[in-house]
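What follows is a set of notes on a single structure, which appears directly below.
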Amino acid sequence: MRFLLILHGETCADLRRSTFEQTAREAGELIGGELLAHQQLTVTVPDRAGPGRIDAYYLIDVENQDRAVELARLLPDACTDGRYVEIRAVMRGALSQYVEP
């Protein structure tokens, strides 16, 4: 199952996520992840107040949700005041029904 780990909170560039990255990569579970640009650069359509502070994400492919939670707990974001990790299942193919060939 694929899960998106969405890192919320105040930007904290000094958080070390190497334990999570190494563990997930060695297990073959890390698909990718990126830091996002500062929220001030966010554009919404239609023009509305920007979303909450999301500053990074990881995409993982694991056996089940329990493993996703286990990996998320390795992220310092999960235990830093003002930050949290949202774990959301990725529904494969769900959007393909709306895309015309």
Side-chain angles (χ1 to χ4, degrees):
M1 298 178 67
R2 288 187 178 191
F3 289 89
L4 191 61
L5 305 181
I6 306 166
L7 285 52
H8 293 262
E10 295 295 323
T11 301
C12 223
D14 63 339
L15 290 179
R16 304 260 185 244
R17 298 179 177 115
S18 55
T19 300
F20 162 81
E21 290 177 3
Q22 181 178 357
T23 301
R25 188 174 289 115
E26 287 176 358
E29 298 169 321
L30 181 61
I31 295 172
E34 298 289 340
L35 290 174
L36 302 175
H38 192 276
Q39 184 180 3
Q40 289 177 331
L41 301 174
T42 299
V43 175
T44 59
V45 179
D47 187 16
R48 296 192 180 156
R53 293 191 182 269
I54 298 172
D55 68 357
Y57 71 90
Y58 288 102
L59 181 61
I60 58 174
D61 192 354
V62 294
E63 187 172 327
N64 55 44
Q65 186 178 26
D66 290 340
R67 177 60 176 161
V69 171
E70 182 181 332
L71 286 175
R73 289 181 197 270
L74 295 176
L75 289 162
D77 308 78
C79 57
T80 300
D81 285 342
R83 297 197 58 78
Y84 66 96
V85 179
E86 177 183 348
I87 303 166
R88 188 176 298 186
V90 175
M91 307 301 291
R92 290 188 184 187
L95 290 177
S96 63
Q97 64 184 335
Y98 301 108
V99 178
E100 297 201 17

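Note that the coordinates shown come from a computational prediction; the quantities given were computed from them, not determined experimentally.
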Response to the item:
All heavy atoms of Ile87 vs all of Ala68, minimum pair found to be CG2-CB, 4.0 Å

Fill in: Any Glu70 side-chain heavy atom under 4.5 Å of Val62 side chain
no

Worksheet item: Do the non-hydrogen side-chain atoms of Gln65 and Met1 ever get within less than 4.5 Å of each other?
Response: no

Worksheet item: Do Val69 and Leu71 share a hydrophobic cluster, counting only Ile, Leu, Val, Met, Phe, Trp and Tyr and linking them when any side-chain heavy atoms are less than 4.5 Å apart?
Response: yes

Worksheet item: Side chains of Arg83 and Asp55: does their closest heavy-atom pair fall under 4.5 Å?
Response: yes

Discussion item. Ignoring hydrogens, what is the shortest heavy-atom contact between Ala72 and Ala78? Give both atom names and the distance.
Written reply: O-CB, 3.6 Å

Discussion item. On a heavy-atom basis, which atom in Ile31 and which in Ile60 lie closest, and how many Å separate them?
Written reply: CD1-C, 4.1 Å

Item to complete: Determine, using the 4.5 Å side-chain heavy-atom cutoff (strictly less than), whether Leu15 and Leu5 are members of one ILVMFWY cluster.
Response: no

Worksheet item: For Tyr57 and Leu4, which heavy atoms make the closest approach, and how far apart are they?
Response: CD1-CD1, 3.6 Å

Response to the item:
Distance col, row Leu36:CG vs Leu41:CG, nearest 0.5 angstrom, shows 11.0 Å

Fill in: Atom pair OG1 (Thr23) and CG (Leu74), whose distance is rounded to the nearest 0.5 Å
5.0 Å

Worksheet item: Is Leu30 linked to Val85 within one hydrophobic cluster, defined over Ile, Leu, Val, Met, Phe, Trp and Tyr using a side-chain heavy-atom separation of less than 4.5 Å?
Response: yes

Worksheet entry | Minimum-distance pair of heavy atoms, taken over all atoms of Arg67 and Ala27 | NH2-CB, 4.1 Å

Practice prompt. Quick one: pull up CZ in Phe20 and CG in Leu75 and give me the separation to the nearest 0.5 Å.
Written response: 5.0 Å

Item to complete: Run the numbers on His8 and Ile54 for side-chain contact (heavy atoms from CB on, under 4.5 Å), then give the verdict.
Response: CA-CA 4 Å; His8 293 262; Ile54 298 172; 3.5 Å; yes

Worksheet item: Would you call Glu21 and Tyr58 a side-chain contact if the rule is heavy atoms closer than 4.5 Å?
Response: yes

